[in-house]
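What follows is a single structure, written as structure tokens, with notes after it.
In what follows, every heavy atom counts, from backbone to side chain, and hydrogens, waters and symmetry copies are set aside. Count residues from 1 along the sequence.
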Amino acid sequence: MAELSVSVLPRIDAVDAALWDACGAGGDPFTSHRFLSALEASGSVGEGTGWHPSHLVARVAGQVVGVAPAYLKTHSQGEYIFDHGWAEAWHRAGGQYYPKLQAAVPFTPATGPRLIARDSRVQAALLAAMAQVAGQAGLSSAHVTFCTADERAFGESQGWLGRTTTQYHWLNAGYASYEDFLAALSSRKRKALRKERERANAFGGRILSLTGDDLRPEHWDAMWAFYQDTGGRKWGRPYLTRAFFDLLHQVMRDDCLLVLAERDGRPVAGALNLIGQEALFGRYWGCIEDHPCLHFELCYHRAIDFAIARGLSRVEAGAQGEHKLARGYMPAETHSLHWIADPGFRRAVEDYLRREARLVGEDMAETAEFGPFRRG
């Protein structure tokens with residue numbers, strides 16, 4: 001391979017969309033140029049947000065051969081791989097944890113490629129460039145979050161620290177229908193889920209699953225209202241701007257599934273998902289009326305219905321939430337990589353990760369033992 005170089009770009013539109021996508025993201029909607037561009041163009045990331053685009057682009061003989069969506073971060077919000085404790089410890093020791101460099105998709109706890117290249121030499125160059133940029137700028141650390149398991153293993157071989165955390169995913173075992181899925185559960189869980197769905201669907205309205213050209217501007221108006229309510233309660237202020245939803249409609253409506261509950265012709269609740277080649281990714285939920293079990297129906301059960309109909313291998317319904325276990329979702333590992341500049345701080349983080357990994361393993365084993373597929 002000819003000489004390889006890596007540059008840092010302050011905005012994603014500095015690289016052609018076709019060249020970015022051709023590097024091999026594998027159809028992941030979140031690392032697509034159009035999704036990341038919508039975040040920047042809408043003002044959801046950039047000035048004043050604490051997410052400053054610093055994308056890495058690798059070239060050989062002037063040709064783009066690899067990319068990594070990356071940001072200079074001045075806080076740890078919107079990441080879902082929590083390092084607040086590391087920041088506090090480093091500050092107590094007299095250090096400055098922020099800013100840091102992070103390869104990630106903002107506000108998106110979904111596993112996907114972060115070192116997007118078809119050649120391991122290019123991936124190694126992207127990682128080395130991240131560490132070099134962070135080191136030269138005097139940053140405390142660099143991170144690659146929600147990367148693939150293969151990327152995590154590769155990063156560890158390059159001297160980065162690997163971290164394992166967990167989510168709850170629904171896995172499609174080739175089910176022909178939702179009833180086929182229920183048949184795989186214990187009788188107690190099967191009865192509970194049927195009763196839950198009956199309660200949800202008795203809310204006095206109808207539920208629509210909308211994608212592509214079935215989505216209209218008024219649907220996004222409703223979803224924005226739901227998102228504002230939920231975001232305001234969870235984070236203080238929503239991460240995404242209203243303009244982001246308009247751009248999502250323009251460039252990605254075929255990749256979106258909006259599950260909408262209407263009563264008397266008025267939207268009262270909604271759940272937004274993005275559709276990947278292999279998975280459905282649950283992203284945002286909100287409501288303006290409270291109805292029993294409606295959240296579970298829109299966010300989890302209808303997502304399973306859609307995944308079965310589309311032949312998708314899994315549903316990733318976002319971060320946290322052991323309540324998903326009761327609805328047929330099972331624990332799944334998520335991965336990240338970390339480069340720490342200070343040797344002493346690195347040893348402390350490495351020790352923390354070792355202890356955390358042991359606890360995560362024990363928790364996953366216990367959860368699997370008492371999960372929804374245990375007969376009884």
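- More than 12 heavy-atom neighbours from other residues, nucleotides or ligands sit within 6.0 angstrom of CD on Glu362.
- Phe226 and Trp285 have their aromatic ring centers separated by at least 6.0 angstrom.
- With no hydrogens or angles considered, a side-chain donor-acceptor pair links Asp83 and Tyr97 at under 3.5 Å.
- By the 6.0 Å and 45° rule, Arg197 stacks over the aromatic ring of Tyr178.
- Aromatic pair Phe345/Trp86: centroids not less than 6.0 angstrom apart.
- Ring orientation note: the planes of Tyr300 and Tyr329 are nearly perpendicular, at an angle over 60° on the 30°/60° scale.
- For residues 121-146, the set of pairs meeting the ring pair (Phe, Tyr, Trp, His ring centres under 6.0 Å) definition, not counting sequence neighbours, comprises His143-His338.
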- Task: Check the pair Leu56, Val67 against side-chain contact (heavy atoms from CB on, under 4.5 Å), reporting the backbone distance first and the verdict last.
- Result: CA-CA 5 Å; Leu56 303 178; Val67 295; over 6 Å; no
- Begin with the C-alpha distance, continue with both residues' side-chain angles, and end with the deciding distance and a verdict on side chain to side chain donor-acceptor pair (under 3.5 Å) for His55 and Glu40. CA-CA 12 Å; His55 306 303; Glu40 293 183 25; 2.7 Å; yes
- Start with the C-alpha gap between Lys100 and Ser76, add the side-chain angles, then the distance that decides, and say whether side chain to side chain donor-acceptor pair (under 3.5 Å) holds. CA-CA 9 Å; Lys100 60 179 181 174; Ser76 293; 3.1 Å; yes
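- A donor-acceptor pair under 3.5 Å is absent between the side-chain atoms of Glu297 and the main chain of Ala200, judged by distance alone.
- Between the side chains of Thr111 and Thr334, no donor-acceptor pair of N or O atoms lies under 3.5 Å.
- For the pair Gln102 (side chain) and Thr145 (backbone), a donor-acceptor distance under 3.5 Å is absent.
- By the 6.0 Å contact criterion, CD on Glu218 is enclosed, its count of non-hydrogen atoms from other residues, nucleotides or ligands being greater than 12.
- The ring of His323 has its center no closer than 6.0 angstrom to the ring center of Tyr168.
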- Would you check, one step at a time, whether the test side-chain contact (heavy atoms from CB on, under 4.5 Å) holds for Glu262 with Ile207? CA-CA 6 Å; Glu262 291 184 346; Ile207 298 174; over 6 Å; no
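- When only modelled atom types and interatomic distance are considered, Ser313 and Asn172 share no side-chain donor-acceptor pair under 3.5 Å.
- Under the 4.5 Å side-chain heavy-atom criterion for ILVMFWY residues, no single connected hydrophobic cluster contains both Leu247 and Phe107.
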- Task: Any chance you could lay out the side chain to side chain donor-acceptor pair (under 3.5 Å) test for Arg59 and Ser7, step after step, and finish with the verdict?
- Result: CA-CA 8 Å; Arg59 291 181 173 87; Ser7 56; 3.1 Å; yes
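- Cation-pi geometry between Lys324 and Trp170 is not met at under 6.0 angstrom from the ring centre and within 45 degrees of the axis.
- Less than 6.0 angstrom separates the ring centroid of Phe244 from the ring centroid of Phe35.
- Under a cut-off of 6.0 angstrom, the local environment of CG in Asp351 is crowded, with over 12 non-hydrogen atoms contributed by other residues, nucleotides or ligands.
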- Item | Check against side-chain contact (heavy atoms from CB on, under 4.5 Å), Leu312 and Glu278 | CA-CA 5 Å; Leu312 300 176; Glu278 298 181 354; 5.8 Å; no
- Ile275/Cys256 under side-chain contact (heavy atoms from CB on, under 4.5 Å): CA gap, chis, key distance, verdict: CA-CA 6 Å; Ile275 308 166; Cys256 294; 6.0 Å; no
- Message: Under the criterion side chain to side chain donor-acceptor pair (under 3.5 Å), I'd like the reasoning laid out for Gln228 against Trp224: C-alpha separation, chi angles, the key distance, then a yes or no.
- Response: CA-CA 6 Å; Gln228 275 192 303; Trp224 169 247; 3.2 Å; yes
